[in-house]
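Take a look at the structure set out below.
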Amino acid sequence: MTRRWFITGGTPGNFGMAFAEAALEIGDRVVLTSRRPQELAAWAEQYGDRVLVAPLELTDAAQVQRAVRAAEDHFGGIDVLVNNAGRGWYGSIEGMDESALWAMFELNFFAVLSVTRAVLPGMRSRGKGWIVNVSSVAGLVSAPGFGYYSATKFAIEAVSDALRDEVAPHGISVLTVEPGAFRTNAYTGFANEPVNEPIPDYHDMLERVRATFIGMDGAQPGDPRRGARAVIAAMAQDPPPRRLVLGNSGYDAVIDTLENNLVDIRANETLSRSADFPT
């Protein structure tokens, strides 16, 4: 059965485009949203009426509602929502500019909720649907310099886990996707964004973070097209996974972190169990 996709973050060269093309490869139809829809016009032409490009500023709740209505009117409904759009700012926990902090949560977390809440009524009424929330390896493994970005993605993980159980009785599935380092345009901005850190004690640490991402730009091991196809393959499994980590290094980092967390928790089992009233 042909499915209708609604994908946020349709910037050329990023994961949104990879998801759109993977869906089109299997015969589905796609609504791809972007803040700059004119950049997608030539790409969309080759697919004719199978693609609708919709303008969307994700932090504008009214625009979110209009884009979802336009998608539902055009294709008759939305079967798969991919919350892909997001951005990462870097900085120390102590010194990061508060406006950047709030902007990151607005885009990476609250906008995801806004789109999800707009799409769910239609899915519930039809008794089926998919929510694919693109988190990050950083949503399971936090790193110095990216604590607040990780916090937005950890929040996506938590909401997705609760949402999965809430909507399952209505025929809706939720998959959280955690990409590692993928060859998209996500790292290109680091070269043009010098360290903006008001506390000198953190400056060297953030310079190392910035240099690492500049050095990786264009050489990331992850292939967005293969990543998007892996997500579609995961959706076809019975039962489907709750989450899917993408990429070798990302997979290894997540496994190492979770295993170390278990070791740490189990090492203090006696203290943990001592906190209850005596039985």
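None of these values were measured; they are calculated from a predicted model.
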For the residue pair Leu58 and Ala111, what are the closest heavy atoms and their distance?
O-CB, 3.6 Å
Where is the tightest heavy-atom contact between Phe154 and Ser142, given as atom of each residue plus distance?
CE1-N, 4.2 Å
For the student: nearest non-hydrogen atoms of Ala100 and Met96, plus distance
CB-CE, 4.1 Å
Spell out, yes or no, whether Val231 and Ile7 are grouped together once hydrophobic residues are joined by side-chain heavy atoms under 4.5 Å, including indirect joins.
yes
Apply side-chain contact (heavy atoms from CB on, under 4.5 Å) to residues Asp161 and Arg243 and explain how you reach the verdict.
CA-CA 9 Å; Asp161 282 350; Arg243 53 179 44 84; 3.1 Å; yes
Taking only Lys NZ, Arg NE, NH1 and NH2, and the carboxylate oxygens of Asp or Glu, determine whether Glu39 and Arg36 approach each other closer than 4.0 Å.
yes
Please check this pair: side chain of Ser150 against backbone of Ala138, looking for a donor-acceptor N/O pair closer than 3.5 Å.
yes
Take atom CG in Asn261; do more than 12 heavy atoms of anything else shown fall under 6.0 Å from it?
yes
Check Thr184 against Pro224 and note the closest heavy-atom contact, atom names and distance.
CG2-CG, 3.7 Å
ILVMFWY cluster, Val31 and Val68 together (side-chain gap under 4.5 Å)
yes
Is it the case that over 12 heavy atoms from other parts of the model lie below 6.0 angstrom from the CG atom of Asp49?
no
Which pairs of donor and acceptor atoms, one on a side chain in residues 79-89, lie under 3.5 Å apart (sequence neighbours left out)?
from, atom 1, to, atom 2, distance (Å)
Asp79, OD1, Arg4, NH2, 3.0
Asp79, OD2, Arg4, N, 2.8
Asp79, OD2, Arg4, NE, 2.8
Asp79, OD2, Arg4, NH2, 3.4
Asn83, ND2, Thr116, OG1, 3.0
Asn83, ND2, Asn133, OD1, 2.8
Asn84, ND2, Thr8, O, 3.0
Asn84, ND2, Gly9, O, 3.1
Arg87, NH2, Glu193, OE2, 2.6

Under the side-chain contact (heavy atoms from CB on, under 4.5 Å) criterion, do Met123 and Ile131 qualify, and how do the steps go?
CA-CA 10 Å; Met123 289 186 175; Ile131 307 290; 3.8 Å; yes
same_hphob_cluster(Phe19, Val51) at 4.5 Å side-chain heavy-atom cutoff
yes
Arg229 and Glu25, any side-chain heavy atoms less than 4.5 Å apart:
yes
Heavy-atom count check: over 12 atoms from other residues, nucleotides or ligands less than 6.0 Å from Arg126 CZ?
yes
Hey, are the side chains of Ile78 and Glu72 touching, using non-hydrogen atoms and a 4.5 Å cut-off?
yes
For the side chain of Tyr148 and the backbone of Ile93, is there at least one donor-acceptor N/O pair under 3.5 Å apart?
yes
Using a 6.0 Å cut-off, check whether atom CD of Glu98 has over 12 heavy atoms from anything other than its own residue.
no
Do Arg3 and Arg29 have side chains that approach each other closer than 4.5 Å (heavy atoms only, starting at C-beta)?
no
Are Leu120 and Val159 connected, step by step, through hydrophobic side chains (Ile, Leu, Val, Met, Phe, Trp, Tyr) whose heavy atoms are closer than 4.5 Å?
no
Pairs satisfying ring pair (Phe, Tyr, Trp, His ring centres under 6.0 Å), at least one member in residues 92-126, at least two apart
none
Rounded to the nearest 0.5 Å, how far apart are NZ of Lys128 and OG of Ser173?
12.0 Å
For the pair Asn268 (side chain) and Leu271 (backbone), establish whether a donor and an acceptor sit closer than 3.5 Å, ignoring hydrogens and angles.
no
Qualifying residue, where the test is side chain to side chain contact (heavy atoms under 4.5 Å, CB included) with Ser160 and the options are Val112, Leu175, Val174
Val174
Test side-chain contact (heavy atoms from CB on, under 4.5 Å) on Met205 and Val209; report intermediate values, then the result.
CA-CA 6 Å; Met205 178 268 290; Val209 168; 4.1 Å; yes
For the OG atom of Ser34 and the CG atom of Leu40, what is their distance to the nearest 0.5 Å?
5.0 Å
To the nearest 0.5 Å, what is the distance between NZ (Lys153) and CG (Leu140)?
11.5 Å
Answer yes if the side chains of Ser92 and Glu197 hold a donor-acceptor pair under 3.5 Å, and no otherwise.
yes
Side chain Asn14, main chain Gly16, donor-acceptor under 3.5 Å
no
Same cluster or not: are Phe75 and Val64 linked, directly or through other Ile, Leu, Val, Met, Phe, Trp or Tyr residues, by side-chain heavy atoms under 4.5 angstrom apart?
yes
Is it true that a side-chain atom of Arg124 and a backbone atom of His170 form a donor plus acceptor pair closer than 3.5 Å?
no
Could you measure the distance from the CZ atom of Arg208 to the NE2 atom of His203? Nearest 0.5 Å is fine.
11.5 Å
Side-chain heavy-atom pair Arg210, Tyr90 within 4.5 angstrom cut-off
yes
Is atom CZ of Arg50 surrounded by more than 12 heavy atoms (other residues, nucleotides or ligands) closer than 6.0 Å?
yes
Non-neighbouring partners of Phe182 that pass ring-ring contact (aromatic ring centres under 6.0 Å, His included), sequence neighbours left out
Phe15
Residue pair Asn248 / Pro221, side-chain heavy-atom distance below 4.5 Å
no
Donor + acceptor pair across side chains of Thr176, Glu157 (<3.5 Å):
no
Between Pro55 and Ala67, the two heavy atoms sitting closest are O-CB, 4.3 Å
If the condition is salt bridge (charged side-chain N to carboxylate O under 4.0 Å, His left out), which residues does Glu94 pass it with, not counting sequence neighbours?
none
Judged by atom type as modelled, is there a donor-acceptor pair below 3.5 Å linking the side chain of Asn260 to the main-chain atoms of Asp256?
yes
Would you compute the distance between atom OG1 of Thr257 and atom CG of Leu262 and round it to the nearest 0.5 angstrom?
11.0 Å
Of all heavy-atom pairs linking Ile232 and Ala23, the shortest is CD1-N, 3.9 Å
Tell me the ring pair (Phe, Tyr, Trp, His ring centres under 6.0 Å) pairs involving residues 31-62, sequence neighbours left out?
Trp43-Tyr47
What distance separates Ser114 OG from Gln63 CD, expressed to the nearest 0.5 Å?
10.5 Å
Determine, step by step, whether Ser135 and Glu178 satisfy the side-chain contact (heavy atoms from CB on, under 4.5 Å) criterion, reporting the C-alpha distance in whole Å, the side-chain angles of both residues, the deciding distance to 0.1 Å, and the verdict.
CA-CA 5 Å; Ser135 174; Glu178 295 91 3; 4.2 Å; yes
Using the test side-chain contact (heavy atoms from CB on, under 4.5 Å), find all partners of Thr212 that sit at least two apart in sequence or belong to another chain.
Met216
Is it true that atom CG of Asn196 has more than 12 heavy atoms of other residues, nucleotides or ligands lying nearer than 6.0 Å?
no
Under 3.5 Å, side chain of Arg226 to main-chain N/O of Gly222, donor-acceptor pair present?
no
Show your reasoning for whether ring-ring contact (aromatic ring centres under 6.0 Å, His included) applies to Phe213 and Phe146.
CA-CA 12 Å; Phe213 280 88; Phe146 279 91; 5.1 Å; yes
Pro240 vs Met235 side-chain heavy atoms within contact, under 4.5 Å
no
